[in-house]
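Just so you know, ligand 1 is whichever comes first in the structure, and atom 1 is the first atom listed for that ligand.
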Amino acid sequence: MSKIILITGATSGFGRAMAHKFANAKYNCIITGRRAEKLTEVAKELTDGYGIKVLPLVFDVQDKKAVFEAIETLPNKWKAIDVLINNAGLALGRDSFENASLDDWETMIDTNVKGLLYVSKAVIPLMVAHKNGHIINLGSTAAKQVYKEGNIYCATKFAVDAISQSMRIDLLPNKIKVTAIHPGSADTEFSIVRFKGNDAKATAVYDGFEPLHAEDVADIAFYCASLPPHVCINDLVVTCTAQGSPTLFYKE
Ligand code: NDP
Ligand code: 8X3
């Protein structure tokens with residue numbers, strides 16, 4: 001029987017690449033995001049490319065009611081979710097504490113922390129019912145070390161790290177694996193979103209070195225999800241070879 005994966009934030013970047021990677025291995029995919037048009041595009045790529053079943057769900061992870069409605073009304077055949085990837089997330093702005101926008105901070109907290117909690121709380125009962133499941137949370141190198149003007153983005157990712165650790169402990173009796181993947185700099189739509197559409201600023205982030213690509217992180221997520229039932233990668237930090245710490249890059 002085909003496995004089922006639910007990936008939040010599958011309209012671009014890591015989420016989209018992960019959907020392709022798992023679909024290629026014949027997982028049926030529940031993909032989510034706010035941009036309906038992009039989600040339809042990804043759904044078509046997956047059904048055309050891999051002949052699997054796809055269920056696109058448009059919702060904002062910040063909207064508690066919408067999250068629970070979407071998961072609670074899943075058709076029965078989609079309820080046995082094997083893998084949940086809590087990937088939807090964002091950084092907004094790169095400003096010092098006194099200048100940063102409170103609205104940006106609230107959006108990051110509501111998306112990266114509360115959104116991840118809503119989706120997890122909605123999906124976990126389905127996994128508990130089957131005594132099977134794997135939750136993969138996207139942290140960041142920013143979850144391990146704060147950097148200048150990273151303030152609340154870093155704080156939300158530190159929270160993802162802590163939440164992943166406690167989820168793993170609490171879910172042990174239910175045989176649910178929990179893995180946190182912490183990537184360094186990767187050339188997705190992340191920087192365009194962070195710098196609010198400023199192309200020059202976003203591109204400059206990756207000047208002089210080869211960052212991680214979405215497919216690299218998708219390969220790692222797939223590896224984590226493919227290990228035998230008795231093996232769980234708890235915490236995985238991955239950077240491109242040119243990155244030595246959240247702020248240290250060897251640029252040529
Ligand atoms: P992208 O901007 O390419 O993708 C982000 C995805 O999240 C999109 O599909 C977006 O979909 C979705 N998303 C954002 N906000 C919401 C929301 N409120 N509700 C639902 N979906 C949402 O960035 P990445 O692929 O790089 O980022 C994925 C994750 O990886 C994030 O958690 C990010 O913090 C983390 N990360 C990224 C790194 C990087 O350098 N790129 C490094 C380390 C971690 P839509 O806009 O359609 O809603
Ligand atoms: C994204 C990577 O370095 O911008 O989490 O924080 S970084």
Side-chain angles (χ1 to χ4, degrees), residues 6-20 31-43 56-64 66-67 70 85-94 104 106-119 136-161 163-164 180-197 201-202 204-206 209 211-218 220-221 236-240 242-249:
L6 190 163
I7 304 168
T8 66
T11 54
S12 68
F14 298 161
R16 187 176 193 153
M18 290 188 283
H20 277 270
I31 53 172
T32 86
R34 291 165 303 178
R35 289 171 290 174
E37 231 172 78
K38 284 252 181 196
L39 204 60
T40 307
E41 195 181 295
V42 177
L57 297 176
V58 178
F59 60 79
D60 185 330
V61 297
Q62 298 174 90
D63 183 340
K64 181 162 51 175
V67 170
I85 306 197
N86 278 314
N87 165 74
L90 80 175
L92 285 175
R94 179 97 200 244
D104 286 352
E106 283 177 339
T107 304
M108 288 189 279
I109 292 167
D110 289 349
T111 308
N112 300 355
V113 182
K114 292 169 72 178
L116 179 146
L117 293 176
Y118 298 155
V119 175
I136 300 179
N137 294 327
L138 263 293
S140 167
T141 45
K144 300 293 183 183
Q145 191 184 323
V146 296
Y147 53 80
K148 188 169 176 280
E149 296 163 351
N151 42 62
I152 302 309
Y153 177 68
C154 299
T156 64
K157 292 300 184 178
F158 268 66
V160 171
D161 193 5
I163 291 163
S164 303
I181 300 179
H182 301 285
S185 204
D187 59 354
T188 61
E189 291 181 13
F190 178 85
S191 292
I192 273 281
V193 172
R194 171 171 240 174
F195 295 114
K196 303 173 182 175
K201 269 189 166 179
V205 171
Y206 312 109
F209 71 102
L212 289 173
H213 307 302
E215 291 71 22
D216 301 322
V217 176
I220 288 164
L236 190 153
V237 178
V238 54
T239 65
C240 66
Q243 182 172 10
S245 83
T247 51
L248 203 143
F249 294 85

Using salt bridge (charged side-chain N to carboxylate O under 4.0 Å, His left out) as the criterion, list what pairs up with [X], not counting sequence neighbours.
X    : result
E41  : R16
K114 : D110
D104 : K196

Which protein heavy atom lies closest to [atom], and at what distance to 0.1 Å?
atom                    : result
atom 33 (C) of ligand 1 : Y153 OH, 3.7 Å
atom 40 (O) of ligand 1 : A186 N, 2.9 Å
atom 44 (C) of ligand 1 : G139 O, 3.1 Å
atom 19 (N) of ligand 1 : V61 N, 3.0 Å
atom 12 (C) of ligand 1 : G9 CA, 3.5 Å
atom 1 (P) of ligand 1  : S12 OG, 3.4 Å

Candidate with minimal heavy-atom separation from [atom], of [options]:
atom                    : options              : answer
atom 27 (O) of ligand 1 : F59, F14, Y118       : F14
atom 31 (C) of ligand 1 : D63, I192, L138, N87 : N87
atom 15 (N) of ligand 1 : R34, K38, R16        : R34
atom 5 (C) of ligand 1  : G89, A88, G13        : G89

Ignoring hydrogens and angles, tell me if any N or O in the side chain of [X] forms a donor-acceptor pair with the backbone of [Y] under 3.5 Å.
X    : Y    : result
H182 : V237 : no
T156 : I109 : no
S164 : A180 : no

Is S185 touching ligand 1 with its side chain, its backbone, both, or neither, if touching means heavy atoms under 4.0 Å apart? backbone
Side chain, backbone, both or neither: the part of A10 lying under 4.0 Å from ligand 1 by heavy atom: backbone
Contact summary for [X] and [Y], nearest pair of heavy atoms:
X    : Y    : answer
A186 : Y206 : O-OH, 2.9 Å
A221 : M18  : CB-SD, 3.7 Å
A214 : T188 : CB-CG2, 4.2 Å

Lys/Arg-Asp/Glu bridge criterion (N-O < 4.0 Å) met for E149, R194: no
Would you check the N or O atoms of [X], main chain and side chain alike, for any that come under 3.5 Å of an N or O of ligand 1?
X    : result
Y206 : no
D60  : yes
G15  : no
S140 : no
V193 : no
G33  : no

[atom1] of [X] to [atom2] of [Y]: how many Å apart, nearest 0.5 Å?
X    : Y    : atom1 : atom2 : value
T107 : D60  : OG1   : CG    : 9.5 Å
F209 : D187 : CZ    : CG    : 8.5 Å
S12  : K38  : OG    : NZ    : 6.5 Å
T8   : I31  : OG1   : CD1   : 11.5 Å
F14  : I7   : CZ    : CD1   : 13.0 Å

Test Q243 against every option in S185, P211, P183 by the side-chain contact (heavy atoms from CB on, under 4.5 Å) rule and name the one that passes. S185
Only one of I85, V160, N86 passes side-chain contact (heavy atoms from CB on, under 4.5 Å) with L138; say which it is. I85
Heavy-atom gap [X] to ligand 1 smaller than 4.0 Å:
X    : result
K157 : yes
A214 : no
G184 : yes
P183 : yes
T111 : yes

Close residues, ligand 2: non-hydrogen atom nearer than 4.0 Å: S140, A142, Y147, Y153, F190, R194
How about F190 and F195: are their ring centroids closer than 6.0 Å? no
Need the ligand 1 atom indices (1-based, order shown) with element for anything under 4.0 Å from a heavy-atom of T11. 8 (C), 9 (O), 10 (C), 11 (O), 45 (P), 47 (O)
Per-atom contacts of ligand 1 with T188, taking only distances under 4.0 Å to non-hydrogen atoms: 3 (O), 23 (O), 24 (P), 25 (O), 26 (O), 41 (N)
